[in-house]
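Read through the structure below, which is laid out as structure tokens, and then see the notes.
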Amino acid sequence: MALLDIRDLTVTRPGAAPGAPPAPLLDGVSLTLDRGGALGLVGESGCGKSLTALAVMALLPAGLRAGGSVLLDGEDLLTASERRLCALRGRRMAMVFQEPMTALNPVRTIGDQVAEGPRHHLGLSRRAAREHARAVLDRVGLDPARVSPDSYPHALSGGQRQRAVIAIAVACGPALLIADEPTTALDVATQARILDLILDLVTDEGLALLMISHDLGVVAETARDMAVMYAGRIVETGPTARVLAAPRHPYTAGLMAARPQHDRGRPGQPLAAIPGVVPPPGARPPGCAFADRCARADAVCRTRPVLAGEPGGRHRAACHHPVEPPA
Amino acid sequence: MTEPALLAVRDVVRAYPLPRRHPLAPAGTVRAVAGVSLDLARGESLGIVGESGCGKSTLSRLVTALEPPDAGRVHIAGHDPNTLPRMALRRLRRRVQMVFQDPMGSLDPRWTVARIVAEPLAGLAPDVPRADRRARVAEALAAVGLGAEALDLYPHQVSGGQRQRIAIARALVTDPDLVVADEPVSALDVSVQAQVLNLFLDLRARRGLALLFVSHDLDVVRHVTERVLVMVHGHAVETGPTEAVLSRPAHPHTAALRAAVPRIEAAWEGRARARHAGAPPPPEDVRPGDGCVYRARCPWAVDHCARAVPTLEPVGPGRSAACFRAREVMGG
Amino acid sequence: MASPRRLSAAGWIGAAIAAVVILTALVSLVWTPHDPTVMDVANKLSGPGAAHPLGTDHFGRDTLSQLMVGARVSIAVSVVAVGLGVGLGVPLGLLAAARRGWIDEAVMRFNDLAFAFPALLTAVLITALLGPGAINAILAIGLFNIPVFARVARGAALPLWKRPFIQAARLAGRGRTRISLDHILPNIAGTLIVQATIQFALAILAEAGLSYLGLGSQPPEVSWGRMLNEAQTFLFLEPRLAVLPGLAIVLTVLGLNLLGDGLRDRLDPRLETGLETRREGG
Amino acid sequence: MAWFLVKRALALALTLLAASLLVFGVLEVLPGDPALLILGVNAREDTLAALRESMGLDQPALWRYLTWIGDLLRGRFADSLTYDVPVSELLLPRLAVSGPLALLSLTLAVALALPLGVLAAARRGRITDTAIMGASQIGIAVPNFWLGILLVLLFAVSLRWLPAGGFPGWDAGLGAGLAALLMPAVALALPQAAILTRVTRSAVLEVLGEDYMRTARAKGLSRGEALWRHGLRNAMIPVVTIMGLQFSFLLAGTIIIENVFNLPGVGRLVFQAISQRDLVVVRDVVVLLAATVGVVNFLVDLSYALLDPRLRHGAGAGSGRHG
């Protein structure tokens, strides 16, 4: 049984005006993640990748409704009681957020914030939790001798703060770690070190990782499998090496071609930009959501494509006219 | 007689006061830009790269005379904008315009596109008759690929990529010689970023525009600029032709920046990247005369780096780097 | 208008109440059931009836007519007092934000000074020094509004000065005054309007307080505060006289506050942010 | 931290200096000759001259200002013009009324507003929230003196539970004293509590939207635990600011309320002094009130430093993108 099994997850926002139909933000998202596995979720802003993470944590913003099922160890999180969810969050599943500047409480020390989870979930005494926090901080590269656990977040650099956020997430030894754009707000050298850390934790602690990023490179470096999201749907999924080496969905191919890649692109030459804009929720075409921007689209694309691929293969794309794999 | 360089910056310094720790503490300053020089000829493009806080944005504000330097000189077409009388400064400003990072924040939410794009004309070109302004604005919008239907929209009614196009149109409307772009695509999604980068390439090719392109993204800088300048803690540590500098760095920082960029090839080649050295010291800990500013996190650092300050020395055709071990860095 | 959002139900109720009060004040200019100053001792302290829908006071003056005229005084005093605050305070705040340096410091110190004197105490002082009366009450209340608007305008303008579109305007050759008027003022107008409704409500309360102390409008002028002042003598005899003008005040202030809240909800750009706004799409 | 407090203390001193100069200037210059004011326009010239001399009015203004401030700082007060006793003798017994009154109403306001504000925020959009917000909306609109009148009508006239006004003095016993202050305190407190409730609610709502609250929830804390452990302290910062400002309103409110309830307090003293043109009393009491407001705002600044470690450590917003 997979550790995380998301089946046909939908998230809808109530209609803007009374009587208006609710707008689907996530539309039939299915993903699985095995114990110790690493799954990358890529897409541009507004595609619903962060929403997927929040749905798994059962921390969706008020007013949004989720349908389908999210199974963690076979237990459906969408129907679990709030009490049960509180017992699972931080203990079995944990999350690292995008903005290290704001994800920490400015008026409490980092040691205090790391110790809170263990006290809550593991029933540690105040003193034991503090010791535990010191060890966890040390584990994420915040050596208590150099960076005091009694520091307040404002005294730390961005990278150090993100390490503290990671410490909070892994403090109770969760089975699933969700990282939502964990390095987007960081410099490239800091990003590399934080990715190092996340990979080390995944390997050493046997965590399963759901890595969410807009950056194909970050996913390539951290996840064995990946899924590409567009307009609230999964449009392509498969082993990362296969998907990136030979993308089948025109959107994935377009994303890759639009990157200025020094090894392949020719400086000064126009990049292959994807024309048009992502359709907003509520205004998505009934068939393939990418059809309006796609050069390969025809009349068939007005019906919705399903994820499909080679028989028995794990590389699948939701496209009526997939890009041919190179011979 | 040759005309003066379009842009000549000599040893500019810009320092900001630090908050005092107690009432009697000496008033500390942090030098955001600590003695940087650069030249830019008509039609040339120069990328400024570095991590956040390295001083690259401050440098762009010095070049556009949004801030005066504390020391050193900025010359635009032979004139120092910081000593010019107001009317002459306006004439000079027609030749240098800027594009900002945040496409929403750089457009007044309560103005229409037509008014936004026309503002530099109203402020800098009183000789352009009012009646001609709308035509000039439409022309500038056409140059960035927007139709006349955009004229009466408000910024919130257009997409992020279109907003950045509008900001570029505003920078073009006075027909400048130099456009300074401060992280113009870092807030945009990849597919939209490509559209805007193409626009910059196109404008350079068609208008002979000189471009000062500030970015943290090496791939982007490599794509749009001919020369590059790498900054650390307010210092220029390496400069030269973009392709040469980024493919064979002579300064350890350039090398580290390059090595840190996540690559999609890692998916099949495996993640073979050198582990990175320690965190950079906070900027206020880096004092001039303290040796090389980069040595605290430099894997190549030797004792000598703590005693002497490296200066930019030639390391190849049109290239220079501020590192005692530049030759070794280039070699391996 | 930037936002298509409609005013909330509470906002509409507030607007309606404010409209009714203003309308009443306007009607009182041309018509009241009785002359509010004419005494009719034969009918003094009579309860509500056909001739006097809300009864009469201890001099037999018609309470309804007095309330109508009182609305006029309240509104007039508040309009002028808030106008004074806006007219002087907003330019001062804009100037401080645009110039910073010693001008800013001076304006802020002036503000601290003004806030060090409790508003009503200042008003009491001024009216006591210059003599009681509606004009001096206006002056006293308006004077205190100046630092309020200066502070609000400065506070709203300061973060705007750091925004890129202001830097773009500077690159476009715009001077600080021009930027303050063309860019800053339109962008803080919403904040100022909301503050103005709040100050308007406070001014009505302050005028009532001063008149109640006998420092505001003087007889034979009629105002809600004066009515309360006079009613206190007959509190035990005729509570109606104390309750009615108070209700008029409460209703008016309530309406203005509801309107102000409604406007704030409508104008607050923070409420417009969507779900995932960190990166800009297409 | 030290620097921050020293700066605030300097600002306080500067404000007080300016305030005293202003009060002095206004009272000396604006109304003309104090002696004339006291004795009236029909007074004889030699009587006026004598009075001027006894008041030190023949001295240069700066000298008189310095003497006044110097005396004040040493706790020496000049004689009241109407009562012929030092202002301090008038002030002290009245402070014994106004001080407890202001304190009682502030306590009432805070005790009412904080729980209600937090409750409304936690129940946002539900019936509890709507009810609390509706009540506070009305509370803000009620003039405190009118509320005082209503309270008198209800509790003194109809129910006869409490005295309608006046103050028996603390000699009459704590109970009697508090009974006399209860209605005035409630009248002062309710409108302020209404404002504070709204401020608390919006501060808590603001905090609830912060990223670190989501971090706390992701840790496994329930909504209530997250609010209690991570939200309240951050939410208190704007609340304390408003409390500081409200103190000034409370002081001013005492002027009216003491008139409604006929209490012998400082507010009534100022009011009477102004109407009797007792400039010595006015001058001293107004400066004293301004000083109180200044000190309270200084305490507010001090509490910021306690609530927010960023201020305590004298650091601005971190630059921190570096690893």
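Letters go in sequence order (proteins before strands), and every chain restarts at 1. Treat the numbers as computed from the prediction; the structure is a model and nothing was measured.
- The shortest non-hydrogen separation linking C:L171 to B:Q97 is O-NE2, 3.3 Å.
- Within the 4.5 angstrom heavy-atom criterion, atoms from both the backbone and the side chain of C:R170 approach chain B.
- For B:R86, no part sits under 4.5 Å from any heavy atom of chain C, backbone or side chain.
- At a 4.5 Å heavy-atom cutoff, B:R94 makes no contact with chain C through either its backbone or its side chain.
- Listed for the B:R93 side chain is no donor-acceptor partner under 3.5 Å among the backbone atoms of C:G173.
- Considering CG of C:L160 and CG of B:D108, their distance stands at 8.5 Å, rounded to 0.5 Å.
- With a 4.5 angstrom heavy-atom cutoff, B:A167 does not touch chain C via any of its atoms.
- Other residues, nucleotides and ligands place more than 12 heavy atoms under 6.0 Å from the CD1 atom of C:I103.
- Across all their heavy atoms, C:A168 and B:S106 have their closest contact at CB-O, 4.4 Å.
- The nearest pair of heavy atoms linking C:A172 to B:P120 is CB-CA, 3.5 Å.
- Counting heavy-atom neighbours within 6.0 Å of B:R73 CZ, excluding the residue itself, gives a total of 12 or less.
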>> Run B:R115 and C:D182 through side-chain contact (heavy atoms from CB on, under 4.5 Å) and show every step you take.
In response: CA-CA 11 Å; B:R115 197 174 171 204; C:D182 285 357; 4.0 Å; yes
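- In this structure, chain C has a heavy atom under 4.5 Å from the backbone of B:L107, while its side chain stays farther away.
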